[in-house]
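Here the structure is laid out as structure tokens; the discussion comes afterwards.
Below, chain A is the first sequence line, B the second, and so on; all start at residue 1. For the numbers below, each heavy atom of this structure counts, side chains included, while hydrogens, waters and symmetry mates do not.
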Amino acid sequence: MQKNHAQHAHPLPDGDSQEIPEATPSLSARAMALPAYLDDLNGPQQEAVTELDGPVLVLAGAGTGKTRVLTTRIAHILNSGRARPEQILAVTFTNRAAREMKSRIGSLIGGQVEGMPWLGTFHAISARILRRHAELVDLTPSFTILDTDDQIRLLKQLLEAENIDPKLYPARQLAAHIDNWKNRGLLPDKVQGGEAFVFAEGRGANLYAQYQARLKDLNAADFGDLLLECLRLFQENQTVLSEYQDRLRYMLVDEYQDTNVAQYLWLRLLAQGGGNICCVGDDDQSIYGWRGAEVGNILRFERDFPGAKVVRLEENYRSTGHILGAASALIAHNSERLGKTLHTTGDDGEKVRLQGCWDDEEEARAICEDIEQLQRQGHTLNEIAILVRASFQMRAFEDRFVTLGLPYRVIGGPRFYERQEIRDATAYFEATLNPANDLKFERIVNTPRRGLGDATLNIIHTHARAHAIPVMQAARTLVETEELKPSQRRSLTDLLAQFDRWRAMVETMPHTQLAELILDESGYTTMWQNDKSPKAASRLDNLKELIRVMEEYDSLAGFLEHVSLVMDRDGDNGEDMINLMTLHSAKGLEFDSVFLPGWEDGLLPHQRSLDDTGSAGLEEERRLAHVGLTRAKAYAKITFAQNRRTHGLWQPAIPSRFIDELPEGDVQVEDPANQNGSYGVSRFDSEQSAFSGDYGTPGWQRARARKAQGSAPGGPPTLELKAIDTLSSADTDFKVGERIFHQKFGYGAIERIDGNKLTVEFEKAGQKKVVDSFVVRH
DNA sequence: TTCAATCGTCTTTTT
DNA sequence: GACGATTGAA
């Protein structure tokens, strides 16, 4: 079954072993150590593990032992003394994959993996590098990492300052453009030609440049920057690049088909050092084209890395013959592929089942029936998964699970740290540690409600921008003046005092205790306790969970670094539950039994994918279907509904074109009529559904009417000609006795100057303290 | 400033 | 149909 080539006597070039003699084990140790982990590998797998010199591309089909090859290769590099742990770069896309790799290397070499600092996600590794050389990219080592909320908030501010109508040009859209540019490794000045003129009448690239400048002001980087700035660091500093090229002697890349241009450039620069790069991927599992992944990277590998060795892993250890046959035949319809032929030596197993259903509810009922039957046959729920194309499909299943009392978990839903309450809480912590973090402060300044709304925030903001100082500092100045209403002044003063108090305790109080204190004293906990909505209770639970997780870190700062990059929820609490997730998040997982609902044209393949990217989109959807099928070890069932409710109205659906691409011999059609009998109530339900089908018409017409009406944008937005002087000045250049004008208080004369605080005798309003940025000379 | 009503949107998702 | 975001009134 497995061919053992001459692996044991594999060559070890003299030149290399000389450089790190202290790490080279004795010959006898090596001779004993090698076979142990190589013996279980098949020929190509062994080749992928032991081919240590020069670039290697491992084309690893689904279920062919990709992770095993990667981890064994690392163990092999370590074991053969070629490199020390800190000389190996191993990149993944997700923290989950990084964690798994770490633990599997650990079990291979016995014990824990210590000192592999360069094993992690692209983003985590880039962040690590950036912090060490922050000054070279105009940051400081303690720069903050923006989450998407912060990013949008910042862009909104930018658009407002530029008088761009947020209706016509939403911040999210700009964020998408910027993300897209960053994915392709483009800094603002590199955005070419017409593309620079997208968004807001040709201001796209300009806004991008402004955004980048603001990030530097804030000493912050967004996710895309982590890679892009790291790339710039390498490109502009040859000595830094050389340092890493020399240090990272072996490079391993997981899921290479998912790399975007920026990541590709990043890898290529580093690989130019020694060239010992090993990329593992599967072009047939490239499903992230829509967020910048370039299948081209894997298709071009041999050209990019001359002398590359390509190893194909085609023996599938996961699925039975029929499942593999169906999946292979399906993917064979794609034209843009490197081409692999998966095969298995295992049984044919059972055929892939196929069933049509009347509507999505019946689909959920049918699948739950099957699940209960599997359960009766002794299968555990943990080994059962339902993989949907779009998350709205989940609802029907969740409803059904709840009525039947079947336990289930949703994998890959909103991440723990992306939840509102977690972000609010961490914003409090962040603002406590780092008073210059404007975005975090602004996030919670009025949460819970403190009477500090948009109007107040705008005043603070104007002042902060005018003097180029952090928002919290601007607030500090303003509360000493009469610029704000007394109630707001009091409220803001209290908040600032609280932050000062908390900040003073950072060193003295254990960080978890301080965190709890902050949440209590700020009124944040109380806010949710008073909230009667059903979600409030779980939010409070999440906050407790957050504190619990914090115990694993030794300081608030240490925790915050991880929360932005590494933290994800661990849905796995060991209980026996059905797994429910999207096809995208199923990649890399496997289950005994897999249900694939919603194989309808328009859903899989998704209509929007077809509309946006045409045949390339169709191929990506087909890969998605292929990923779904290949998750199954022994049991796979495809279903489709003839009627599905989307956007609240019923729409007829036709079976996915992919269904007819499956080979007859591998598929067994289940008779819907037979199935109906066992439900008993199904016919009645169908009639109900048929009635509700007519429901759609008026609503649909209404929707049409609305659509026809809309899209008549008014003229260009009226420009408010109140130019805000954003020129900053260190100190005020007003003089005592000068006559000035203030928007709110009118005309007056300056009595006293105290930094940038002015005491003014106003003609109508009397004596007031104001800030210089709010008055103009008269 | 805040709350309530209305409007508009509705693939996939990591970091 | 449901959710979030935004707008308008108290």
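- At a threshold of 4.0 angstrom between heavy atoms, the contacts of A:L583 with the nucleic acid are absent.
- Using cut-offs of 30° and 60° on the angle between ring planes, the pair A:Y524 and A:W528 is perpendicular.
- B:dT11 has its base stacked against the ring of A:H606, the centroids being under 5.5 angstrom apart at an interplanar angle below 30°.
- Separating the CD atom of A:E621 from the C1' atom of B:dT12 is a distance of 8 Å, rounded to the nearest angstrom.
- Nearest nucleotide to the side chain of A:R645, out of C:dG1, C:dT6, B:dT2: C:dG1.
- Checked against B:dT13, B:dT15, B:dT1, the side chain of A:Q488 finds its nearest nucleotide in B:dT1.
- With B:dT11, B:dT13, B:dT15 as the choices, the nucleotide that has an atom nearest any side-chain atom of A:Y288 turns out to be B:dT13.
- In this structure, of B:dT12, C:dA2, B:dT15, it is B:dT15 that holds the atom nearest to the side chain of A:F223.
- A salt bridge does not link A:R395 to A:E398: none of the charged nitrogens lies less than 4.0 Å from a carboxylate oxygen.
- Considering only side-chain atoms of A:R389, the nucleotide from B:dT11, B:dT13, B:dT15 that sits closest is B:dT11.
- Listed candidates were B:dT13, B:dT1, B:dC3. Nearest to the side chain of A:R449 is B:dC3.
- Between the C1' atom of B:dT13 and the CD atom of A:Q263 lies a distance of 13 Å, rounded to the nearest Å.
- As a whole-Å value, the separation of A:Q285 CD from B:dT12 P is 20 Å.
- Classified by interplanar angle (parallel below 30°, tilted 30° to 60°, perpendicular above 60°), the ring pair A:Y553/A:F559 is perpendicular.
- Ring orientation note: the planes of A:Y244 and A:H133 are nearly perpendicular, at an angle over 60° on the 30°/60° scale.
- Between the CZ atom of A:F392 and the P atom of B:dT11 there is a distance of 8 Å, rounded to whole Å.
- At whole-Å resolution of the value, CD1 in A:I152 and P in C:dG4 are 16 Å apart.
- Rounded to an integer number of Å, the gap from A:D454 CG to B:dC3 C1' is 14 Å.
- Distance, A:R172 CZ to C:dT6 C1': 13 Å, rounded to whole Å.
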